[in-house]
Amino acid sequence: MVLAEISGSISRALQQMNNATVIDEKVLNDCLNEISRALLQADVQFSMVRDMQTNIKNIVNFDELAAGHNKRRIIQQAVSNELCKMLDPGKPSFTPKKGKTSVIMFVGLQGSGKTTTCTKYAYYHQKKGWKPALVCADTFRAGAFDQLKQNATKAKIPFYGSYIESDPVKIAGEGVERFKKENCDLIIVDTSGRHKQEAALFEEMRQVAEVTKPDLVIFVMDSSIGQAAFDQAQAFKQSVAVGAVIITKMDGHAKGGGALSAVATTKSPVIFIGTGEHMDEFEVFDVEPFVRRLLG
Ligand code: GDP
């Protein structure tokens, strides 16, 4: 199942419950089973799904609910609360501090919106008075440096990269060093999203992380991510210590159901969402509206 379909399955399950004339235990069980199936197929951990079922059943106790209680609303609210809980990994991500140098490394598949998101993240902080800088450590994709350079120039953000150097680890190290000397407080390292060999990509991520010593690694994920890409999220997590997630292209059709799995897999919170191609189409992630959209 494509992860973006989870939200469709969940809202369908809730809709079916809404269409039922009487809400009894069977209707609730059918609804919960449907939701659980969608979450499990999206690789949300079994224990999380089981806890969700148990919690909802505890809240919606048919013996205790007096007649006249709006069971539909209570169930919907309970599902919504549980999804909010799933999006909360229980610990906040590293938060950079203005005036103190932090290195932030971005990882993700090619096409996920990584390069665009690096600039958005830099621009967002620059508007708040930070001194960000961008390092292009993607030497694999032709044009990656030009794209970063163009974005950075437009936003008047210093950047570092090379047309001739082919070693991303060297560029990453040099860029971070230079911007540390220039007292930039937010050094953002954009990395490659594809390689001739998958194993080589993950080894490269590991080496870039080793040389730049990032305070935070952000995993960038397209909101319409498919199952294959999800497996790669796990692979990224295994090679570098992913500490936060950014979901892009939330302006599209996808509802972003994959966020649930990304949070579960990486055990890191979603911190921002991308809502368009422009530099300022970027928002701080807010769990509740996100879940409303997921259920909508
Ligand atoms: P990368 O290969 O991961 O570095 O991806 P890019 O940053 O080059 O982005 C790939 C495409 O997605 C580009 O056409 C971007 O303009 C587009 N893109 C990135 N973020 C968003 C977003 O939030 N919304 C929309 N609609 N497009 C986006």
Side-chain angles (χ1 to χ4, degrees), residues 3-4 7 104-125 127 132-155 157 159-163 168 171-172 175 188-196 198 200-202 204-205 208-209 212 214 217-226 228-233 235-237 239-240 242 244-259 262 266 270-286 289-290 293-294:
L3 294 179
S7 59
I104 317 288
M105 177 176 162
F106 278 67
V107 300
L109 295 180
Q110 181 169 340
S112 59
K114 198 164 27 61
T115 302
T116 310
T117 307
C118 282
T119 322
K120 285 178 172 182
Y121 184 82
Y123 183 67
Y124 172 90
H125 286 90
K127 278 192 303 186
L134 291 160
V135 178
C136 176
D138 180 357
T139 52
F140 186 77
R141 179 164 67 98
F145 179 42
D146 267 333
Q147 188 189 344
L148 184 106
K149 192 169 150 182
Q150 253 178 30
N151 290 345
T153 309
K154 217 190 293 174
I157 296 166
F159 59 90
Y160 185 85
S162 169
Y163 288 111
I171 296 180
I188 298 159
V189 183
D190 187 13
T191 60
S192 179
R194 211 192 69 195
H195 227 280
K196 285 191 205 84
E198 217 174 77
L201 171 65
F202 295 117
E204 181 176 310
M205 295 299 101
V208 170
T212 58
V217 177
I218 299 180
F219 174 62
V220 178
M221 188 189 97
D222 185 328
S223 59
S224 61
I225 196 171
F230 169 78
D231 292 340
Q232 295 222 15
F236 274 115
K237 173 78 183 174
S239 42
V240 282
V242 172
V245 178
I246 293 182
I247 320 257
T248 62
K249 308 184 194 179
M250 284 298 289
D251 49 313
H253 292 301
K255 289 181 175 177
T266 61
V270 181
I271 51 172
F272 287 98
I273 54 170
T275 54
E277 297 197 30
H278 294 116
M279 211 151 353
D280 55 358
E281 289 174 317
F282 193 59
E283 294 170 16
V284 170
F285 177 74
D286 195 356
F290 185 84
R293 173 179 167 138
L294 210 55

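Whatever order the structure lists ligands and atoms in, that order sets their numbers, starting from 1.
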Quick one: pull up [atom1] in [X] and [atom2] in [Y] and give me the separation to the nearest 0.5 Å.
X      : Y      : atom1 : atom2 : result
Thr115 : Lys149 : OG1   : NZ    : 15.0 Å
Phe159 : Thr153 : CZ    : OG1   : 4.5 Å
Ile271 : Ile246 : CD1   : CD1   : 4.5 Å
Asp286 : Ile273 : CG    : CD1   : 9.0 Å
Lys114 : Leu109 : NZ    : CG    : 9.0 Å
Ile157 : His125 : CD1   : NE2   : 11.0 Å

Quick one: are Cys136 and Ile171 in side-chain contact, heavy atoms under 4.5 Å?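 Of all side-chain heavy-atom pairs linking Ile171 with Cys136, none is under 4.5 Å.
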Have a look at Phe272 and tell me which of Phe285, Phe282, Phe290 forms a ring-ring contact (aromatic ring centres under 6.0 Å, His included) with it.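 Only match with Phe272 under ring-ring contact (aromatic ring centres under 6.0 Å, His included): Phe282.
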Would one find an N or O of [X], backbone or side chain, under 3.5 Å from an N or O of ligand 1?
X      : value
Met250 : no
Thr117 : no
Thr248 : no

Numbered atoms of ligand 1 (with element) below 4.0 Å of [X], judged on heavy atoms:
X      : answer
Leu109 : 3 (O)
Gly274 : 23 (O)
Gln147 : 6 (P), 7 (O), 8 (O)
Gln110 : 2 (O)
Thr115 : 1 (P), 4 (O), 7 (O)
Ser112 : 3 (O)
Thr275 : 23 (O)

Considering residues, nucleotides and ligands other than Lys154, do more than 12 of their heavy atoms fall under 6.0 Å from its NZ?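 Check fails, neighbour count at 12 or below.
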For the side chain of Thr248 and the backbone of Gly274, is there at least one donor-acceptor N/O pair under 3.5 Å apart?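 Between the backbone of Gly274 and the side chain of Thr248 there is no qualifying donor-acceptor contact (under 3.5 Å).
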Is a side-chain N or O of Ser223 found less than 3.5 angstrom from the main chain of Ile247, in a donor-acceptor match?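 Between the backbone of Ile247 and the side chain of Ser223 there is no qualifying donor-acceptor contact (under 3.5 Å).
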Looking at non-hydrogen atoms alone, which of Lys249, Glu281, Lys120, Arg141 comes nearest to atom 28 (C) of ligand 1?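 When every heavy atom of Lys249, Glu281, Lys120, Arg141 is considered, Lys249 comes closest to atom 28 (C) of ligand 1.
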So which heavy atom in the protein is nearest [atom], and how far is it from that ligand atom?
atom                    : result
atom 26 (N) of ligand 1 : Asp251 OD2, 2.7 Å
atom 5 (O) of ligand 1  : Gly113 N, 3.1 Å
atom 3 (O) of ligand 1  : Lys114 N, 2.8 Å
atom 6 (P) of ligand 1  : Thr116 OG1, 3.5 Å
atom 21 (C) of ligand 1 : Gly276 O, 3.5 Å
atom 14 (O) of ligand 1 : Glu277 OE1, 4.1 Å

May I ask whether Gly111 has any heavy atom positioned less than 4.0 angstrom from an atom of ligand 1?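 Within the 4.0 Å threshold, so yes.
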